[in-house]
Amino acid sequence: MLAAFLCEAISVRFVSAVMGLHWHRTAAPLPDTGQWLLLSLNEKLPQSVVDLLRAHVITLHHYLMLFIMLGFSVLFDCIKAPGLGIATRYMFTMAIGRVLRTITFIATILPSARPWCAVARYQIPQHPHPWAQKYYVPYASDSNAIRRVITQDMAYAAVQAYPDEYKPDWGRMSFLVDILRPTPGEGPSWYHLLKKASGGCNDLMYSGHMLVAVLTAMAWTEAYGGWISVAIWLLVLHSAQREVRERHHYSVDCVAAIYVGVLLWRMTGFIWSARDLARARRLAKLEEVQSRLVHAAKDSDIDEIRGLLKEVELSGQERQGFSQRAILAFAAGTIIFTLSCVLIAFTATSDG
């Protein structure tokens with residue numbers, strides 16, 4: 001997950017800087033029917049309901065605290081042990097989700113729903129990146145140029161004159177200069193740029209906040225179910241509409257985050273699951289030996305019946321023991337590695 005976050009931070013800076021500040025100022029937000037729907041509901045719903053929808057009822061750190069509560073509830077036999085198992089599943093699923101998110105938003109650069117964001121947050125160059133100068137700008141608005149480049153499948157237009165790129169000496173990390181596009185006033189190293197990356201100033205599909213919310217809701221649904229899970233899903237929907245209402249994301253980002261989070265959680269059930277897999281295996285083995293068990297009962301063969309029942313019991317115990325050891329080893333290794341990285345971060349840097 002740490003590697004996924006590092007890759008994501010570099011990619012966020014790249015998509016925010018590649019087009020330059022001038023593009024951020026002039027690029028219009030995309031039309032979003034979800035935003036239109038919420039604005040129309042503001043005109044029709046009672047003011048108390050609108051105020052509730054606007055309220056910050058739950059935020060990102062609340063979802064993380066909800067999950068921590070869920071993980072530690074194993075100490076009180078509220079959910080299936082081990083607690084490290086569900087924690088590892090949560091972190092592993094989060095890492096996959098962040099990697100897929102990075103691939104998604106870096107593939108196509110979308111304008112922010114908040115056009116002022118880049119000017120307020122970054123000191124990136126005004127002009128586009130040399131790659132954009134050659135492969136995007138000449139074909140951005142001229143329909144004839146777009147048709148011609150499709151026909152020729154080759155960049156043919158002459159590149160306009162732009163200021164030279166600032167290229168500091170970052171030693172072994174100098175390969176990041178072309179990706180991060182630093183400016184003289186943004187600090188001495190690449191690390192300072194990544195600390196300022198934050199949530200970026202482009203639309204990052206899909207929403208990372210919503211991914212955290214959905215994974216928390218999925219974990220609670222699998223471990224508990226019932227009205228508590230329903231309440232958490234209602235909070236997830238409230239968070240989704242607030243993300244759209246406050247223009248942090250487009251509606252498509254929240255919708256995509258919901259189904260990606262659900263599918264990813266379903267795919268990682270091999271790490272931890274609330275289902276009693278040993279019981280399911282015993283039932284499957286019982287169905288397998290059912291006919292032999294009936295014949296042994298008819299023949300009053302007590303030894304055969306005991307042997308078959310022993311097979312049924314062992315079919316669950318053997319595989320369950322291996323599964324538990326594998327889960328504990330994987331979970332313990334992941335948690336120890338993560339805590340070690342956290343300690344190194346706090347000791348090797350001034351602010352962690």
Side-chain angles (χ1 to χ4, degrees), residues 7-36 98-168 170 173-183 186 190 193-194 197 199-208 247-257 260:
C7 197
E8 182 182 33
I10 294 173
S11 301
V12 166
R13 169 71 187 195
F14 171 74
V15 299
S16 298
V18 67
M19 296 305 301
L21 276 181
H22 178 72
W23 179 84
H24 283 282
R25 288 195 190 98
T26 57
L30 300 176
D32 188 345
T33 55
Q35 295 172 358
W36 305 347
R98 306 303 289 207
V99 170
L100 292 177
R101 177 177 186 251
T102 301
I103 295 173
T104 303
F105 71 68
I106 204 173
T108 302
I109 298 174
L110 302 175
S112 174
R114 293 183 163 201
W116 63 88
C117 173
V119 178
R121 182 177 295 176
Y122 294 121
Q123 301 178 33
I124 58 178
Q126 296 284 339
H127 57 279
H129 191 284
W131 300 340
Q133 295 172 20
K134 181 176 181 180
Y135 300 114
Y136 172 75
V137 174
Y139 319 104
S141 57
D142 188 344
S143 58
N144 292 326
I146 296 174
R147 185 186 301 273
R148 183 176 173 186
V149 77
I150 292 173
T151 303
Q152 296 185 7
D153 197 22
M154 188 72 65
Y156 67 87
V159 179
Q160 301 177 22
Y162 290 97
D164 293 334
E165 295 286 300
Y166 173 66
K167 293 185 179 295
W170 287 347
M173 306 302 292
S174 292
F175 69 92
L176 288 176
V177 170
D178 282 338
I179 299 174
L180 302 181
R181 297 195 78 197
T183 55
E186 287 190 295
W190 61 275
L193 296 183
L194 295 187
C201 279
N202 292 71
D203 179 58
L204 305 180
M205 181 185 290
Y206 38 86
S207 171
R247 307 296 175 96
H248 294 298
H249 280 283
Y250 295 112
S251 301
V252 64
D253 303 329
C254 297
V255 173
V260 169

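Values in this document were obtained by computation on a predicted structure and should not be read as measured data. Along the sequence shown, residues carry numbers from 1.
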State, with a plain yes or no, whether a side-chain heavy atom of [X] is found less than 4.5 Å away from one of [Y].
| X | Y | result |
| --- | --- | --- |
| R25 | Q126 | yes |
| P125 | P163 | no |
| K167 | D178 | yes |
| W23 | P111 | yes |

Review point. Once the angle between the rings of W131 and F14 is folded into 0 to 90°, is it parallel (under 30°), tilted (30 to 60°) or perpendicular (over 60°)?
Key: tilted

Once rounded to the nearest 0.5 Å, what's the spacing between atom [atom1] of [X] and atom [atom2] of [Y]?
| X | Y | atom1 | atom2 | value |
| --- | --- | --- | --- | --- |
| R101 | I106 | CZ | CD1 | 12.0 Å |
| K134 | Q160 | NZ | CD | 15.0 Å |
| R247 | R114 | CZ | CZ | 9.5 Å |
| D203 | C117 | CG | SG | 11.0 Å |
| I109 | F105 | CD1 | CZ | 10.0 Å |
| C201 | L21 | SG | CG | 9.0 Å |

Shortest non-hydrogen contact from [X] toward [Y]:
| X | Y | value |
| --- | --- | --- |
| Y139 | Y156 | OH-N, 2.9 Å |
| P168 | S174 | O-OG, 4.4 Å |
| V149 | I146 | CG1-O, 3.2 Å |
| W36 | P31 | CZ2-CB, 3.7 Å |
| H249 | G208 | NE2-N, 4.4 Å |
| P128 | Y162 | CD-CE2, 3.8 Å |

Check your understanding: Under 3.5 Å, is there a donor-acceptor pair between the side chain of Y206 and the main chain of V255?
Key -> no

Exercise for review: Say whether, by atom type as modelled, one donor and one acceptor occur between the side chain of H248 and the main chain of A113 under 3.5 angstrom.
Suggested key: no

Check your understanding: When you check the gap from the basic side-chain N to the acidic O, do D142 and R148 get nearer than 4.0 Å?
Key -> no

Exercise for review: Could you list the residues that satisfy side chain to side chain donor-acceptor pair (under 3.5 Å) with H127, not counting sequence neighbours?
Suggested key: E165, R181

Point to revise | Criterion side-chain contact (heavy atoms from CB on, under 4.5 Å) on Y166 and V177, from CA distance to verdict | key: CA-CA 8 Å; Y166 173 66; V177 170; over 6 Å; no

Exercise for review: Quick one: do Q35 and Y250 satisfy side-chain contact (heavy atoms from CB on, under 4.5 Å)? Show the steps, please.
Suggested key: CA-CA 8 Å; Q35 295 172 358; Y250 295 112; 3.9 Å; yes

Exercise for review: Assess whether side-chain contact (heavy atoms from CB on, under 4.5 Å) is satisfied between M19 and Y136, documenting all intermediate values.
Suggested key: CA-CA 9 Å; M19 296 305 301; Y136 172 75; 3.2 Å; yes

Point to revise | R147/Q152 under side chain to side chain donor-acceptor pair (under 3.5 Å): CA gap, chis, key distance, verdict | key: CA-CA 9 Å; R147 185 186 301 273; Q152 296 185 7; over 6 Å; no

Practice item. Take D253 and L204, measure what side-chain contact (heavy atoms from CB on, under 4.5 Å) needs, and give me the verdict at the end. Key: CA-CA 8 Å; D253 303 329; L204 305 180; over 6 Å; no

Exercise for review: Taking atom types as modelled, find out whether S112 and N202 have a side-chain donor-acceptor pair closer than 3.5 angstrom.
Suggested key: no

Practice item. Check V18, L176, I124 against R13 for a side-chain contact (heavy atoms from CB on, under 4.5 Å) and give me the one that passes. Key: I124

